[in-house]
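Report on the following structure.
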Protein chains: 2
Amino acid sequence: MKTLRLTSGDRAILLHSRFFSRLARATVEAILADTTVSTHEEHDVLFREQERIDEVFFVLSGLVRLYRLGKDGREADVAVFQRGDMFGVNAMFLNHRATANAQAAEPSIVARVESRRLSQLAAEETDVAQALLEVVCHHGKMTEDCLADDRLLTAPQRVANYILSHCPNGSETFSFRLPFQKNVLAGKLGLAPEALSRAFSMLRPSGVVVKGRVIEIRNRQALEEF
Amino acid sequence: MKTLRLTSGDRAILLHSRFFSRLARATVEAILADTTVSTHEEHDVLFREQERIDEVFFVLSGLVRLYRLGKDGREADVAVFQRGDMFGVNAMFLNHRATANAQAAEPSIVARVESRRLSQLAAEETDVAQALLEVVCHHGKMTEDCLADDRLLTAPQRVANYILSHCPNGSETFSFRLPFQKNVLAGKLGLAPEALSRAFSMLRPSGVVVKGRVIEIRNRQALEEF
DNA sequence: CGCAAACTTGAGTATAGTCAACTTCCGTGG
DNA sequence: CCACGGAAGTTGACTATACTCAAGTTTGCG
């Protein structure tokens, strides 16, 4: 399902993204000129592993999950993208082949830029290349973080970590709303949904109260030591 | 311990690397002009997590391991680099901060390029930026592979995978020499050394014979189905 | 209000980590 | 060249962690 043009709200989101925010206004306009927009139901697949992709994507709203498939059909999330995030960039420099499947994890709206056009621009204007490098490096760091966390932390520790990463720096007690279903969080943390549930249980004695999607932290100190 | 100049052998290695092989000869020379070389004992640390780094590195010989440290001091490898590999690029675009520790996993020789100079070049010549993008995307894919394998495969499956990735495409039976200690392989695959040992044992019935560092495969088919 | 999906909890199992004992490999020096 | 010693690797026993399956419970939407 396609919408033809960007709304001004969409433009605002894009302008604040890691990618566009580093570019001169003229460059931004040159790119946005032929940007298309598509809407997706939950569970829609945007592209699949190995498939050729000739676009680069931005999440305007909703949530897009990148995952790999195992031989047995099991899925492993390798990234989750939210409003403002750019994805599919790596493919531009890897033979235009997707390294993972992309699926809307909730109803989502996505902007698309032809990657041919973008790589052409990157070859002409170095600030475009620079912006791409920053996006790609940032995403690389995220993946590395994920890998290290998987290897170093237990389930409750990963959850504690995730919660702390949402803590306004310095406050001892706070609360926030999960930006997606627990299901998705479980995937992002590399856990089965049951394991996430249990992890929350284990964190309760340390002052973590979960009510629906709202997480309340009563004792930041305890979390950091978990 | 520092050596002052590049040998011609070193230059050959660099010229064949993913990075330099994409650049015009003149550009290569411009970069190599102020490249330094350092030698390292096994276990030498090149840089640490969070530390500022102002260079980009190439492995000329030996092996460099990138790892993160857990609170308890445990180490988790996030990458292993061999002859010809470039590392430390991400830091250039992440505030010049290392995201991991780098350690020589055996006696090693490393080439270093000032990252200020490199990023300057990248801002002037788009093919340098392009080459960097390719290196970074490739490394990103490696990390993603690693993450997906960790989440989807058991220890023997990861080992089988690793072995198959060294199999000349199409041959049913073959053998090769591990390019590093089993110790290092274990780390790379996210396993304790004992788990690697056991994984090899489990693969024996499928025709994998391990003698020292030499791996012999008698039945590729069986490995692929593991 | 009722239904379906999301989430939680419980019980059992599988996988890999830890610690310890033992073996093999390999480089060194006699 | 052999003997020795230390490091690397293997094996065993035990444990911890997280997955699976199944049965509940809660949530939220129509």
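Sequence lines set the chain letters: A, B, ... in the order given, protein chains first and strands last, and positions in each chain run from 1.
In this structure, B:Lys211 does not reach the C:dT24 phosphate: none of its side-chain N or O atoms is under 4.0 Å from OP1 or OP2.
Between the side chains of A:Arg220 and A:Ser171, no donor-acceptor pair of N or O atoms lies under 3.5 Å.
When atom types are taken as modelled, the side chain of A:Asn101 and the backbone of A:Glu49 share a donor-acceptor pair closer than 3.5 angstrom.
Distance A:Arg74 CZ to C:dT15 C1': 12 Å, rounded to the nearest Å. Atoms CD (A:Glu106) and P (C:dA6) sit 12 Å apart, rounded to a whole Å. Nucleotide C:dA5 holds its P atom 17 Å from the CZ atom of A:Arg213, rounded to whole Å. In this structure, the CZ atom of A:Phe180 is 15 Å from the P atom of C:dA6, given to the nearest Å. Rounded to whole angstrom, the span from the CG atom of A:Leu185 across to the C1' atom of C:dA6 amounts to 14 Å. A:Leu152 places its CG atom 15 Å from the C1' atom of C:dA16, with the value rounded to the nearest Å. Rounded to an integer number of Å, the gap from CG of B:Leu189 to C1' of C:dG17 is 16 Å. Residue B:Lys182 contributes atom NZ, which lies 13 Å from atom C1' of C:dC26 at whole-angstrom precision.
Think of the region where chain B sits on DNA chain D: with heavy atoms and a 4.0 Å cut, that region ends 5' and 3' at D:dA8 to D:dA13.
No option in A:Val136, A:Val113, A:Val59, A:Leu132 other than A:Leu132 meets the side chain to side chain contact (heavy atoms under 4.5 Å, CB included) test with A:Met86.
For C:dC19, its base sits under 3.5 Å from the side chain of B:Glu194 at one donor and acceptor pair at least.
Along DNA chain D, the nucleotide nearest B:Glu42 and the nucleotide nearest B:Arg198 are compared for position; the residue whose nucleotide lies closer to the 5' end is B:Glu42. Position along DNA chain D of the nearest nucleotide to A:Gly212 versus A:Ala195 favours A:Ala195 as the more 5'-ward residue.
Here A:Phe81 and A:Phe58 keep their ring centres 6.0 angstrom or further from each other.
Taking the six-membered ring where the residue is Trp, A:Phe87 and A:Phe47 present tilted rings, their angle falling between 30° and 60°.
Using a 4.0 Å heavy-atom criterion, one finds that B:Leu196 contacts no nucleic acid atom at all. A:Arg151 comes within 4.0 angstrom of no nucleic acid atom, judged by non-hydrogen atoms across all strands.
Among C:dC19, C:dA16, C:dC7, the nucleotide with an atom closest to any side-chain atom of B:Thr154 is C:dA16.
Ionic pairing of B:Asp145 and A:Arg68 is present here: one or more N-O contacts between side-chain nitrogen and carboxylate oxygen are shorter than 4.0 angstrom. A:Arg65 and A:Glu75 are joined by a salt bridge, as a carboxylate oxygen and a charged side-chain nitrogen come within less than 4.0 angstrom of each other.
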